[in-house]
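Written below as structure tokens is the structure these notes are about.
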Amino acid sequence: MIEMKDQKIDELKEYIAATQSNDNPESYLIAVLHKVQGLFGYLPREVMDVVAKAMNIPTAHIWGVATFYHYFNLKPVGKHIVSVCMGTACYVRGAGKVLEALKKNIGVEIGETSEDKLFTLQEARCLGACGIAPVIMIDDKIYGELTGKTATELIKKYRKAAKG
Amino acid sequence: MSELITIHINETEYKVEPDQTIMQAADKLGFHIPRLCYHPKLSIEGACRVCIVEVEGMKNYVASCAFPITDGMKLHTNTKGLRRARRDIIELLLDNHPMDCHTCERDGNCELQRLAASVGIRARHFEGEKKHYEKDISFSSIIRDPDKCILCGRCVRMCSEVQKVHNLTQAHRGFKTVVMPAYNMPMSESVCTACGQCINVCPTAAFLEKNYTQELFEKLNDDSIVKVVQFAPSVRAAIGEAFGLEPGVNMEGKLVAAFRKLGFDYVFDTQFSADLTIMEEASEFLERLQGKAAMPMITSCSSAWMKCLEQFYPDLIDNVSTCKSPMSMLGALIKTYFANKIKTDPKKILSVATMCCTAKKYEAARPELDVDGMPGVDIVVTTREIAWMIKSAGIDILNIEEETPDSPLGISSGAGAIFGTTGGVMEAAIRTAYELFTGQTLVDIEIEDLRGLEGIKEGKVLMDGNEIRVAVAHGLGNACDLLDIVRQEPDRYHFIEIMGCPGGCIGGGGQPYAAANSIPLDEDCLKKRAEALYDIDRKKTIRRSLDNPDIQQLYKKFLHSPLSKVSHKLLHTHYQAKTPVGIIPKK
């Protein structure tokens, strides 16, 4: 486990090193934070320390950026990220009910991760699929025309797949 | 000089310099536009929108702090619409601010309060959600209270731009924005150096020193202990401002009298131990010159600088003088030499220090500075705290007779007085080092190159044909710039003075808040405070630390000689690298 983490840190350091020869290297901070989230699923504090040192950016500044953007997770996330679109089209077509059903089934509030670490529930603004509203996104897959019931069934499928 | 351009303010025509903002031009013409997030020493934030003005031909009001003037521009600063908009903006700030002025520490000293009064807020029209966060009281020096914060960002800019400590950020966004250290760490675990400049520039009470006045009042009533107080040079140069006097009035004699009226049994002068610091530091410097330890030597009296050193410059720890600060030296003597002299158990002595500094609270709590397992200084109060105590106790400081500090730790030379201003420690050290090195008395003792508010100052002294190159930096940002030079050219200087605060201790984080018609850390104010100290020096017959008769007695009877075993035990210490490690971005 620790080895895997070291590997990820090495990969991150290489990624940062490649940005540092450019003009205004500090402007790559957001790209680097994306990389961190890609590698770790969230922004662990000790990894932000690594970024601070490697990019020569004070940790307070990194924290300011990391907390400003909703996209960045500051806590560990589950295996699957479930984003419920709360954009206007989805909202009027029942996204609220979908969200309530998912909260109940996964057993968490928005922004939280289920106890089995399988799902993190998030809210999203327009996912660009209004034609099939209401939609949710699980990881990078879009599911449309949902109801509370069909959304719950989707979750059950993922749960089964994880066990199998 | 570039050609003047024409602008109109409130229907009157003026010829002004180009390349300035509306606010700068208006200031010079006598129009004081209300403002909040603006500070002349900091970058333009344009966050508060209080300084809006009307520009003819523009659809919206513009922020005058950020908007440049152009030829032919027609401005209005006080129209009906502007007054209303400004009042609404400030009312909206107040809407998310606690309504507890009468119990707030900044009551009567609050910029937001003054601003609200100046725009005529006499009723409240908005009522919305109010934020609520825990106060951070973890740190021995500074308290952070986000509920009082109006997000002007002055503290963040002060901490990053002037001090280059980068401890604070505006985290999260919108209504949920909070000024905090990285990872929302408690201040005690952050890179905060305790300099207190966030307090100086905060318009409200979002940052405050940890207040020890109630505890001190209680102890002053305890007859079973001996109450001893010391006070720093810069306290006397600034405390008058807290009583409505102009900056730069020397309050030494009246302050000593006020201490006695408050109930202190003995009043000692930190200027005495400044002289002692010089004796030790100058001797240490001469040893280092002979190759006995790392060069250049860097001073160690500023406690914010010491914490900065441990976190940001651990590679330079060996270069820093092992001398404790004058406060801690005097504390050590009070609990040993003086306790013995009055035949009192040091545990029965309450050692109080009145300092211009918030970081001294942190310093006093450092275990590295203990004396036989006891702290040398038990309580540190700032200039602001002692001013409040004097008022609260009903002492009419402006009209009481002047008194002098007590023996044997009360007499000081002029060199001890100038410790409080940037360049002063170096000047004081040179006065004594010169004589120790050459055996001759330095005639020209006022070293002009080391005076004034320039960020980094350099000077040279010839000692028996040897050129000694010195440098002085004040404010941690300037210190960082100077130390970057030192890292690249280790042989450039022999001796370096660093003070953590702008202007040195006179601009300390514990000094009186800016007066109603002034701005925090106003340069004129700092210059006047410095001048008060130079004036004390000029008026003294003894101007070199080694000529101080009480210092001579102390060595004769107790310490034997500078850098002796006793000196090392009581007056010297070592610092160590600390986490979190500070990061200063490259330019």
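Predicted, not measured: the structure shown is a model, and the values here were computed from it. In the text below, chain A, chain B and the rest are named by the order of the sequence lines, each starting its count at 1.
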Closest heavy-atom pair and its distance - R173(B), F68(A): NE-O, 2.7 Å
Exercise: identify the closest heavy-atom pair between I584(B) and N56(A): O-ND2, 3.2 Å
So which part of M48(A) gets closer than 4.5 Å to some heavy atom of chain B, the side chain, the backbone, both or neither? both
Please report the interatomic distance [atom1]([X]) to [atom2]([Y]), rounded to the nearest 0.5 Å.
X	Y	atom1	atom2	result
W63(A)	M180(B)	CH2	CE	7.0 Å
H172(B)	L74(A)	NE2	CG	7.0 Å
T67(A)	Y183(B)	OG1	OH	11.5 Å

Should we count [atom1] of [X] as having more than 12 external heavy atoms under 6.0 Å?
X	atom1	answer
Y133(B)	OH	yes
K75(A)	NZ	no
Q576(B)	CD	no
E489(B)	CD	yes
R93(A)	CZ	no
E161(B)	CD	yes
K97(A)	NZ	no

Is any side-chain heavy atom of [X] less than 4.5 Å from a side-chain heavy atom of [Y]?
X	Y	answer
I583(B)	I57(A)	no
S160(B)	P58(A)	no
M185(B)	R45(A)	yes

Using a 4.5 angstrom heavy-atom cutoff, name the option from V65(A), I62(A), D49(A) with the most pairs to chain B. D49(A)
